[in-house]
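Everything on this sheet refers to the single structure shown next.
Chain letters run A, B, ... following the sequence lines, proteins first, then strands; residues in each count from 1. Keep in mind that what you see is a predicted model, and the values were worked out from it rather than measured.
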Amino acid sequence: MTNAARDPHLRSMALQAKAWPFEEARKLVERFKAAPPAKGYVLLETGYGPSGLPHIGTFGEVARTSMVRHAFEQMSDLPTRLFAFSDDMDGLRKVPDNIPNKEMVTKHLGKPLTQVPDPFGKFESFGHHNNAMLRDFLDRFGFRYEFKSATEEYRSGRLDATLLKVLAHYDAIMEVMLPTLGEERQRTYSPFLPVSAATGRVLQVPVIERDVKAGTIVFEDEDGKKVETPVTGGRCKLQWKVDWAMRWVALDVDYEMAGKDLIPSVELSSKIAKILGARPPEGFNYELFLDEKGQKISKSKGNGLTIEEWLRYAPPESLALYMFQQPKRAKRLYFDVIPRAVDEYLSFLDRFAAIGKPSAKADAEAKPDGGKVPADPALLRLENPAWHIHGGAPPAPLELAGTPISFGMLLNLASACNAGDKGMLWGFLSRYAPGVTAATHPKLDELAGYAVAYFHDFVKPAKTFRAPTDVERKALEDLAAALPDLPDEAGKIQDEVYAIGKRHPFADLKDWFRALYEVLLGQSQGPRFGSFAALYGRAETAALIKKALAGELASAA
RNA sequence: GAUCCCGUAGCUCAGCGGUAGAGCAUCUGACUUUUAAUCAGAGGGUCGAUGGUUCGAGCCCAUCCGGGAUCACCA
């Protein structure tokens, strides 16, 4: 972790850097200009609703908040903490589609998530299960965070003082909330959602009476009986917007970002936090992610992309870059954005490494008088996305024999040779850069694996194999027959391919080679065929030809 | 209706005050016993419109036009 505490120059650069995490961090600097936080640290919070598995938006929020935190650490010596707060006391509203034992879960609708049995049978509850999933994947990315469970917070009594404040300011809060609700909801609305002692469900019922001194409310339970219950100790959950405000106040949250869809909620919760006598946290609204058709992605719809899907085709850093870039812009989050994200990540790594080197093309920034002056290397590093993605310490760029590697190039290579595994890619790579292997370049090896996976799932299905003409068929038969007796040498194989093409009545030799690609690889262009056969294997190539002649490739496409 | 985002090269987008950029696509050349890959190079944009601020504006402000999303039930 880089720290600017002992580097005044770095700090001054951080204070003027323009990348959005710095803009955000400056809000916090401003917040504590007059006095440091009484609790002794700056608290950033991210929220998570564990009614389903963590999704890519959750990742984005933690990633982005972490970037703000890190930026802030360059500007200030104040300690920071990041809470990942799980709203796991929320009542289960509907049964998710993507879980087993739905009938069992259905019986527990309305109960706090931490009271619904785990349909996967592994954890204490469904809420605990989803919390564990969240922590797993946050850990996988190496985020620094502290997990907080709403259930535990409520039960521990740590929220009690603020809950009582909510009760004391009941009328003022209702006055804020009611105008935002429909007529129907106005009649039943209550900031307090008592947990029924009879059924265990979180109830959305009106408050009939309240006793501020005793700290209790009276409501009608599901069995029709009037019940008086304390608002403290986890007996009552708060309705969402009030809950959020209460949490801000009780924990003294200083920063929390949220999606654009929550703007009205942020406004309301901020008003309520003020009613409770606190200063609402600094905030930031990021745009939503869209699926391939431009629709908002959501857990329930299952559109867009999951974290797992992204990570099947690209390294985590590329996803972090995607989250870093343009947070205020609605972006499509679909498979087709992955290759570009990877290549941009790689090129930012290159640029980061080149900063300050004499050979690098001089980066420059404008002077007020119109001239240009070379930008400060420290500033350039802070503005580079790689700095934010890697917590200030990006790794060395990926290169092969001195030239930068791109994912696009690997993808082309995979497509050109119809790669079935990354070993084939390595055949070409090692020939290009002798001595370079998966062992010497593990990062490149990973990338090759991603490229093959992406090619296999997205590029290959789009290929169209055609059947050979009669002339092509005869030539291909010749080639298949000749292959087993040839040496394993690209040049010799190429000679034979060429000779066979000449032997058969092709109008132009180009037609012969094109036929090879179209019939065998499902594309109009490809690698030099001798090289391909040598790498793919002579026997395998012969088998491929036989499959094509039998019509198996054309029908499969 | 309220709020927000977007409108820059054929396509996807970067650029957020200082003589218009990238990738892909297109074209040319080099290298290849065909191609592709790779490398080198080229063409291509009155930066949605109109006003304003400025010595200077895709970049800031205002208005308008066009596209999209979110919230108006729940979280």
Side-chain angles (χ1 to χ4, degrees), chain A residues 18-20 23 47-52 87 90-94 113 179-185 188-189 193 204 237 239-241 243-244 258-269 285-291 293-300 325-332 336-337 339-341 343-344 347-348 364-373 385 400-401 403 406-417 428-429 431-432 491 494-499 501-502 506 508-518 521 523-532:
Chain A
K18 278 180 284 190
W20 69 264
E23 302 276 8
Y48 168 57
S51 55
D87 190 17
D90 196 28
L92 178 66
R93 286 187 173 69
K94 60 182 177 192
L113 290 157
T180 70
L181 301 167
E183 236 177 279
E184 186 121 351
R185 189 77 180 89
T188 59
Y189 184 83
L193 309 174
Q204 296 201 23
K237 163 101 170 74
Q239 189 277 342
W240 146 247
K241 285 159 200 167
D243 193 45
W244 207 8
K260 187 185 74 165
D261 53 336
L262 293 183
I263 290 174
S265 302
V266 172
E267 286 169 358
L268 279 174
S269 295
N285 293 297
Y286 52 86
E287 259 287 358
L288 272 19
F289 297 113
L290 274 27
D291 68 6
K293 291 187 297 246
Q295 302 295 304
K296 168 187 174 179
I297 67 167
S298 67
K299 286 178 272 190
S300 51
Q325 289 179 311
Q326 304 285 159
K328 279 211 180 260
R329 195 161 182 158
K331 295 187 294 182
R332 262 167 21 90
D336 49 10
V337 307
R340 184 190 173 131
D343 276 343
E344 288 187 340
S347 79
F348 281 126
E365 68 172 7
K367 277 196 301 187
D369 66 357
K372 281 210 166 197
V373 73
L400 184 62
T403 55
S406 84
F407 191 61
M409 192 211 91
L410 292 176
L411 226 37
N412 280 335
L413 202 53
S415 179
C417 66
F428 288 97
L429 294 173
R431 196 182 50 169
Y432 177 79
Q494 181 73 9
D495 286 345
E496 182 61 21
V497 174
Y498 191 80
K502 276 195 154 171
F506 287 102
D508 187 333
L509 216 47
K510 276 189 183 184
D511 295 336
W512 162 231
F513 284 97
R514 186 168 18 216
L516 284 172
Y517 303 125
E518 290 178 351
L521 301 180
Q523 55 198 18
S524 62
Q525 37 210 16
R528 169 179 285 217
F529 206 79
S531 315
F532 170 78

Exercise. Which whole-number value in Å describes the distance from A/K241 NZ to B/rC71 P?
Worked result: 11 Å

For this session: Please state how far atom CZ in A/F513 lies from atom C1' in B/rU34, giving the value in whole angstrom units.
Result: 5 Å

Problem set entry | Main-chain N/O of A/L92 paired with A/S51 side-chain donor or acceptor, under 3.5 Å | no

Exercise. Separation of A/K331 atom NZ from B/rU70 atom P, in whole Å?
Worked result: 17 Å

Exercise. How far does the C1' atom of B/rU50 sit from the matching atom of B/rG66, given to the nearest Å?
Worked result: 15 Å

Exercise. Which part of the nucleic acid does A/R340 contact within heavy-atom distance under 4.0 Å: base, sugar-phosphate only, or nothing?
Worked result: base

Problem set entry | Strand partner of B/rA30, provided both Watson-Crick or wobble distances fall under 3.5 Å | B/rU38

Exercise. Using purine N1 to pyrimidine N3 plus N6-O4 or O6-N4 for Watson-Crick, or N1-O2 and O6-N3 for G-U wobble, both under 3.5 Å, which nucleotide pairs with B/rC60?
Worked result: B/rG52

Exercise. How far does the P atom of B/rC59 sit from the matching atom of B/rC6, given to the nearest Å?
Worked result: 13 Å

Seminar exercise, completed: In this structure, NZ of A/K331 is separated from CD of A/Q325 (nearest 0.5 Å) by 6.0 Å

Exercise. With both distances under 3.5 Å as the test, what is the Watson-Crick or G-U wobble partner of B/rA14?
Worked result: none

Please produce a list of atom pairs where a protein N or O lies less than 3.5 Å from an N or O of nucleotides 29-31 of chain B.
none

For this session: Mind calculating the distance between NZ (A/K18) and P (B/rG15) to the nearest angstrom?
Result: 11 Å

Seminar exercise, completed: The residue, A/D90 or A/E496, whose nearest nucleotide of RNA chain B is more 5′ is A/E496

Exercise. How is A/L516 classified with respect to the nucleic acid when contacts are heavy atoms under 4.0 Å: base, sugar-phosphate, or nothing?
Worked result: nothing

Exercise. What is the pairing partner of B/rC47, taking Watson-Crick or G-U wobble pairs with both distances under 3.5 Å in any strand?
Worked result: none

Exercise. In whole angstroms, how far is the P atom of B/rA14 from the CD atom of A/Q325?
Worked result: 8 Å

Exercise. How long is the gap from CZ on A/R93 to CD on A/Q204, to the nearest 0.5 Å?
Worked result: 5.5 Å

Exercise. A/R93 side chain N/O closer than 4.0 Å to the phosphate oxygens (OP1, OP2) of B/rA75?
Worked result: yes

Problem set entry | Minimal non-hydrogen separation, A/F407 against A/P339, with atom names | CD2-CA, 3.6 Å

Problem set entry | Separation of A/E287 CD from A/D261 CG (nearest 0.5 Å) | 9.5 Å

Exercise. Do the non-hydrogen side-chain atoms of A/V497 and A/W512 ever get within less than 4.5 Å of each other?
Worked result: yes

Problem set entry | Nearest-Å distance once atom P is located in both B/rA25 and B/rA62 | 41 Å

Problem set entry | Spacing of the P atoms in B/rC31 and B/rA40 (rounded, Å) | 16 Å

For this session: Can you see which heavy atom on A/L288 is nearest to which on A/G259, and at what distance?
Result: CD1-CA, 4.0 Å

Exercise. When the C1' atoms of B/rA57 and B/rG1 are considered, how many whole Å apart are they?
Worked result: 34 Å

Problem set entry | P spacing across the pair B/rG10 / B/rC47, given as an integer number of angstrom | 13 Å

Exercise. What is the nucleic acid contact for A/Q494, judged by heavy atoms within less than 4.0 Å: base, sugar-phosphate only, or nothing?
Worked result: base

For this session: Do nucleotides 4-10 of chain B as a string where each nucleotide becomes B, S or -: B if the base has a protein heavy atom under 4.0 Å, S if just the sugar-phosphate does, - if no protein is that close.
Result: BSSS---

For this session: By nearest nucleotide on RNA chain B, pick out whichever of A/D87 and A/E344 is the more 5' one.
Result: A/E344

Problem set entry | Integer angstrom distance from the P of B/rU53 to that of B/rC61 | 15 Å

For this session: Report the distance from atom CG of A/L92 to atom C1' of B/rA75, rounded to the nearest whole Å.
Result: 12 Å

For this session: Kindly indicate whether the side chain of A/D243, heavy atoms from C-beta on, has any atom under 4.5 Å from the side chain of A/K237.
Result: yes

For this session: Would you mind calling B/rG67 syn or anti? Take O4'-C1'-N9-C4 for purines or O4'-C1'-N1-C2 for pyrimidines, and syn is within 90° of 0.
Result: anti

For this session: Could you give the distance separating B/rU12 and B/rG51 at their C1' atoms, to the nearest angstrom?
Result: 32 Å

Exercise. When we call it a touch if two heavy atoms are under 4.0 Å apart, what does A/N285 touch: a base, just sugar-phosphate, or nothing?
Worked result: nothing

Exercise. Do A/W240 and A/D90 have side-chain heavy atoms sitting under 4.5 Å apart?
Worked result: no

Exercise. For atom NZ of A/K502, is the number of surrounding heavy atoms from other residues, nucleotides or ligands below 6.0 Å larger than 12?
Worked result: no

Problem set entry | Short side-chain to backbone donor-acceptor contact, A/D87 and A/G49, under 3.5 Å | no

For this session: Supply the atom-to-atom distance A/K328 NZ to A/K260 NZ, rounded to the nearest 0.5 angstrom.
Result: 10.5 Å

Problem set entry | Rounded distance (Å) that lies between atom P of B/rC73 and atom OH of A/Y189 | 13 Å

Problem set entry | Base partner of B/rU3, which must satisfy Watson-Crick or wobble distances under 3.5 Å | B/rA69

Problem set entry | Spacing between A/E267 atom CD and B/rU70 atom P, to the nearest angstrom | 18 Å

Exercise. So what's B/rU19 paired with, Watson-Crick or G-U wobble, going by both distances under 3.5 Å?
Worked result: none

